[in-house]
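Along the sequence shown, residues carry numbers from 1. On a predicted model such as this, the values are computed, not experimentally measured, just so you know.
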Amino acid sequence: MEAYLRRWQSQCLDRQQWEAAIYVGDKLLALTNSDDDAYALAKVHFTSGNYTRALSLVSRSDLLQRSAAAKYLAAHCHVKQNRHDDALELLGEKNPVHLITTTDSARRKLQHVSNGISSKQFGKSKLPSRTDRVDRSEERDREDSSIIKYEAGMCYLRGWCYAKQNAFDRAKECYKSAVRIDIQCLEAFDQLMKNSLMSPGEEWDFVDSLNFDSILPDPGGADTASEAADFTRNLYLTRLSKYSRPEEFKKAIETLSTHYHLGSNPDILLAKAEILYTSSRSAQALALTSSILETDPYNFACLPLHLALLHSLGHTNALFALSHDLADTHPHEPCTWLAVGTYYLNTARIPEARSYFSKASLMDPHFGPAWIGFAHTFAAEGEGDQAIAAYSTAARLFQGTHLPQLFLGMQEIALGHLKVAREYLTTAYQLCDRDPLLINELGVVSYMQEDFESAARHFELALTIAHDNDAPPQQYTSTRLNLAHALRKCGRLEDALAHFEEAIRLGLREPGIFASKGLVLMELEQPFEATVALHEALSISPQDPIASELLARALKLLETQEVLGAADVEAVDAGLQTRLAEVRKGKATRRERDPAPLERRDRVLGEVLWNDMDLDGAPRPPRQ
């Protein structure tokens, strides 16, 4: 009968018939009164959302003390009910660090075993096995593999509880311990990456410290385990920050795409889109995110990046359609209201955008894009103090990303607080030293503090990084323009002129740019070329005061010197004489072919010129 009931319950679970599975499981537990059946019934209650009933089942007798699985399930029930203090009381505050295995410990263990290769016991050499190579300590050896996974899961829940209490440093350590104990604890790794709890450098150091060889081999042998270790590491690399070590990231993407045929997988495509976005190749990144959403329209991991790309490229209609679709289908998702807020921000309806960003952040207080969008609305209206407060909240919640610190620095620059701005930007630079926008802002601070040499170095570095990232040159025309101004202040006029001309060639046609070019040409003692540039400035903005004043000065310089030298004048006269001779020769040729029409035309033109031309101001007498 017991086997029959278990088989019946299993069939109900396969069909997602939770109530039937609970009914059958209750009868099975009444027959056996075993801990295993109580735990199985509790899992069904948990899956169906009956967290209190599941908790009561696993709390019977001393099951929580005897079973790591039951303890994990009970803590998970507390978490689902938002009773984080109760969950922490059950889990305790200490992580089982004796179960952690890292690459360093693996190397030490391998060295210890390899020393035994040369020794012989009972006439036979002792060769190390795979388990000898990956075991970290005797304590880990004695633990069952399933218990190790539940211990890692409890570290994850412990970190989740600390994060809900805004104790992010303790949460980060718990998540890191969970992954170190069990490499396959993807939930903890996802929280570390999604919430930006580590800087880009820390992320790479953390992955390098993980012992992927601790993944247990399949029955097939060690070759399968080695391949699984490489595959898992490559998957984890695609989740890291794209601002650091791009070569290794591209290598991992290539391996997963070619060897494992995951090139069209949404997560791999999203990783490619992220690196394109960090390289300022927004159009290409949008093509990838759009292809993801075509196959999976509600991929919420992809939507924040897709919304950012639509906003940066000004695709208002696409934002409108996507926002309405999400509001109809997923009204309880924070990303839905992020999309609505992004649409209103794109249409300059700032109060509406702020209200929807606020709604998204209230639904999930740890949703980073909502906090950044909320702060952007204050910055858009020039409300510097409120923007700084919102950016500061984002910086406190997401300590591993440099963006909040960057935006704080930009706000302080706008307010004229250059020392404070430099502090924020320096902090951001310590987190990420490969963002051209950040380095450009550091150059702006140096320029405003009249340290023009430092400003020029920062602008040149920003353009170099952008070039290395294969970013479109049009994306960084402002940085190039800043560099031109800094070089002009440094006295490097030829270099400054070259960068002004390059900025104009890339599409920046503003009166200030032509006026700056004219000023550089005047300093290079080229007043005629300066006059041409200043006329172009006034053709764009006829009332521009700076261009008008500079043009007046350039014209005064032209009064004291010839526009063309003697040799140039002779060359121009010779060219005109040659051209005149060619015209007369062509006219004579045409007259020989058909003289009558030409004579009539010349007579009519002569009469018009005789009647209309008035060289001395008096009317011409009639022609006799």
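Within the 6.0 Å centre-distance limit, the rings of His402 and Tyr243 are counted as a close aromatic pair.
Salt-bridge formation is detected for the pair Glu460/Arg492: a Lys NZ or Arg NE/NH1/NH2 atom is positioned less than 4.0 Å from an Asp or Glu carboxylate oxygen. Between Glu381 and Arg354 there is a salt bridge, since a side-chain N of the basic residue sits under 4.0 Å from a carboxylate O of the acidic one. A salt bridge links Arg233 to Asp208: at least one charged side-chain nitrogen sits closer than 4.0 Å to a carboxylate oxygen. A salt bridge does not link Asp451 to Lys489: none of the charged side-chain nitrogens sits closer than 4.0 Å to a carboxylate oxygen. The existence of a salt bridge linking Arg245 and Glu248 is confirmed by a sub-4.0 Å separation between a basic side-chain nitrogen and an acidic carboxylate oxygen. Glu412 and Arg422 are not joined by a salt bridge, as no carboxylate oxygen comes within less than 4.0 angstrom of a charged side-chain nitrogen.
The number of heavy atoms from other shown groups lying within 6.0 Å of CD1 (Ile546) does not exceed 12. Heavy-atom contacts from other residues, nucleotides or ligands closer than 6.0 Å to CD of Gln449 number more than 12. The number of heavy-atom neighbours closer than 6.0 Å to CZ of Arg509, taken from other residues, nucleotides and ligands shown, is 12 or below. No more than 12 heavy atoms of other residues, nucleotides or ligands sit less than 6.0 Å from atom CG of Asn317. Heavy-atom contacts from other residues, nucleotides or ligands closer than 6.0 Å to CD of Gln543 number 12 or fewer.
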Report the C-alpha separation of Gln430 and Thr426 in whole Å, then their side-chain angles, then the decisive distance to 0.1 Å, and conclude whether the side chain to side chain contact (heavy atoms under 4.5 Å, CB included) test is met.
CA-CA 6 Å; Gln430 293 171 353; Thr426 302; 4.1 Å; yes

Thr238 and Leu270: CA distance, side-chain angles, deciding distance, side chain to side chain contact (heavy atoms under 4.5 Å, CB included) verdict:
CA-CA 9 Å; Thr238 62; Leu270 178 59; over 6 Å; no

Between Glu523 and Arg488, does the side chain to side chain contact (heavy atoms under 4.5 Å, CB included) criterion hold? Intermediate values first, please.
CA-CA 10 Å; Glu523 293 176 346; Arg488 180 179 63 82; 4.1 Å; yes

Quick one: do His324 and Tyr343 satisfy side-chain hydrogen bond (donor to acceptor under 3.5 Å, both in side chains)? Show the steps, please.
CA-CA 10 Å; His324 269 273; Tyr343 165 73; over 6 Å; no

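Using the six-membered ring where Trp is involved, Trp160 and Tyr156 have ring planes that are tilted, between 30° and 60° apart. The aromatic rings of Tyr447 and His485 lie perpendicular to each other, with more than 60° between the two planes, well past the 30° mark.
Side-chain atoms of His499 and Leu481, non-hydrogen and from C-beta on, never get closer than 4.5 Å to each other. Counting heavy atoms from C-beta on, the side chains of Tyr298 and Leu293 never come closer than 4.5 Å. Two residues are said to be in side-chain contact when any heavy atoms from C-beta on lie closer than 4.5 Å; His458 and Ser446 meet this criterion. Here the side chains of Cys432 and Ser199 are not in contact, with every heavy-atom distance at 4.5 Å or above. No side-chain heavy atom of Leu534 sits under 4.5 Å from any side-chain heavy atom of Leu521. In this structure, the side chains of Lys176 and Met198 come closer than 4.5 Å at one or more pairs of heavy atoms. Residues Asn469 and Ile465 have side chains in contact (heavy-atom distance under 4.5 Å, counting atoms from C-beta outward). Thr278 has its side chain out of reach of Arg434: every pair of non-hydrogen atoms, C-beta onward, lies at least 4.5 Å apart.
Just one of Phe206, Phe231, Phe212 meets the side-chain contact (heavy atoms from CB on, under 4.5 Å) condition when paired with Tyr236; it is Phe212.
Minimum interatomic distance between Leu326 and Cys335 (heavy atoms only, all atoms of both residues): CD1-O, 4.4 Å.
Using modelled atom types, one finds a donor on one side chain and an acceptor on the other under 3.5 Å when comparing Ser280 with Tyr476.
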